[in-house]
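Okay, so here's the structure we're looking at.
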Amino acid sequence: MKLRKILTAIRDSLLNIVRHPLLTLASVTTVTLMLLLMGVFIVVSLNAGNLVKVVAQQPPVEVWCDATMTEQQQEDIAAYLAADSNVLSFTMLTPEENFEQLKQSMGQDQSALDNFDYAKLPYVYQVKLQDPDLAEAFVAQIKAFPGVTQVDMAESVMQKLTKIINWVNAGTLLAFIILLVISLFIIANMVRLSVFSRAEEINIMKYVGATNAYIRWPYILEGTLIGTVGALLSSGLVYGIYQWLYQRLVTGQSSSDLGVLAPRNFVLPLSQLAWIFILVNLGLGVLIGAAGSAMSVRKYIKV
């Protein structure tokens, strides 16, 4: 398409928007509301996934080692854990530290341990993993190290958390597809009304020899512009609402006794979310506007 035709199509699309302000307002409002819903869903899904991930990292895998293991064996295990990308963090408890924990757990009955030789207690590595789905592979690898006698992990908890993560991902994808189809349907019908209101004008253009592309492109550009404006408006609303909620939830939570469920531990900061829902909204806004307009013009005007 030549530059003159492109400029003409842009001019016609802008004129169409100005000439029919009510339809334009209805279309922009519809796209904004749909993308606002999509943006909110993206934010909720990402935070839900992050919450599951944080909770999944809490039950540590305990690696039990022989009390007689050498320093070299300890260093080998520590080096492996430090190099494993799936290991979030780890700590080693010496026999003496295990003995102190045992005494604390017994409360007032500590006298029974007066003659106990704590040197017989094992070394224990407490390991937190990034991905609970890889726990079994980690256990198989760590068991191969000399000095490792037993590996304990909350296997049932790991499996349940893995299933939850999979369900969250599947639900996100399904809702994304449903909202996309609904958005395309709504904007297509809005553009259809717009096209019908200009049926006489289009017929005149066809009679004087206007090509199909010449008639279609202003509507496609109009839909693209409407979708872009709706995406920007919805992104701004999501940005403002999330920033307000984040400050409400996180500010003043330093003294909270909620542990891992404290909002500051799982609510993602706006800097990690903004670019995601803005890009998704812009992409969907352009797609919905352009595709909806193209479908309406082709189907209902037959050009």
Measure the [atom1]-[atom2] distance between [X] and [Y] for me, rounded to the nearest 0.5 Å.
X      : Y      : atom1 : atom2 : result
Asn47  : Tyr246 : CG    : OH    : 9.5 Å
Gln141 : Asp84  : CD    : CG    : 6.5 Å
Leu37  : Ile42  : CG    : CD1   : 10.0 Å
Thr94  : Gln74  : OG1   : CD    : 9.0 Å
Tyr123 : Glu96  : OH    : CD    : 10.0 Å
Leu81  : Met92  : CG    : CE    : 11.0 Å

I'd like to check the side-chain contact (heavy atoms from CB on, under 4.5 Å) partners of [X]; sequence neighbours left out, ordered by chain and number.
X      : answer
Leu233 : Val28, Thr32, Val229
Thr149 : Trp64, Asp66
Ser89  : Lys128
Gln72  : Thr70, Glu75, Asp76

### Message
For Leu121 versus Ala67, what's the shortest heavy-atom pair and its separation?
### Response
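Residues Leu121 and Ala67, closest heavy atoms: O-CB, 3.2 Å.
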### Task
Return the minimal non-hydrogen interatomic distance between Val148 and Lys143, and the atom names on each side.
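For Val148 versus Lys143, the nearest heavy atoms are CG1-CA, 4.1 Å.
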Is there a path of hydrophobic side-chain contacts, each under 4.5 Å between heavy atoms of I/L/V/M/F/W/Y residues, joining [Y] to [X]?
X      : Y      : answer
Val40  : Met38  : yes
Leu232 : Leu35  : yes
Val124 : Val151 : no
Ile142 : Leu93  : no
Leu46  : Leu237 : yes

### Message
Other residues, nucleotides and ligands only: do more than 12 of their heavy atoms fall within 6.0 Å of CZ on Phe41?
### Response
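Yes, because the 6.0 Å sphere around CZ of Phe41 holds more than 12 heavy atoms from other groups.
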### Message
Gln150: which residues meet the side chain to side chain donor-acceptor pair (under 3.5 Å) condition with it, sequence neighbours left out?
### Response
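Listed in chain order: Asp152.
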#### Entry: Sequence-distant partners of Tyr125, side chain to side chain donor-acceptor pair (under 3.5 Å), two or more places apart
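Per chain and number, Tyr125 pairs via side chain to side chain donor-acceptor pair (under 3.5 Å) with no residue.
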Atom pairs and distances, side-chain donor-acceptor, residues 271-288, under 3.5 Å, sequence neighbours left out:
from   : atom 1 : to     : atom 2 : distance (Å)
Trp275 : NE1    : Gln272 : O      : 3.4
Asn281 : ND2    : Ser234 : OG     : 3.2
Asn281 : ND2    : Ser235 : OG     : 3.3

### Task
Quick one: list whatever passes ring-ring contact (aromatic ring centres under 6.0 Å, His included) with Phe145, sequence neighbours left out.
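Tyr80.
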### Message
Could you list the cluster mates of Leu245? Members are the ILVMFWY residues connected by side-chain heavy atoms closer than 4.5 Å, either directly or through other members.
### Response
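Traced through the cluster, Leu245 reaches Ile241, Trp244.
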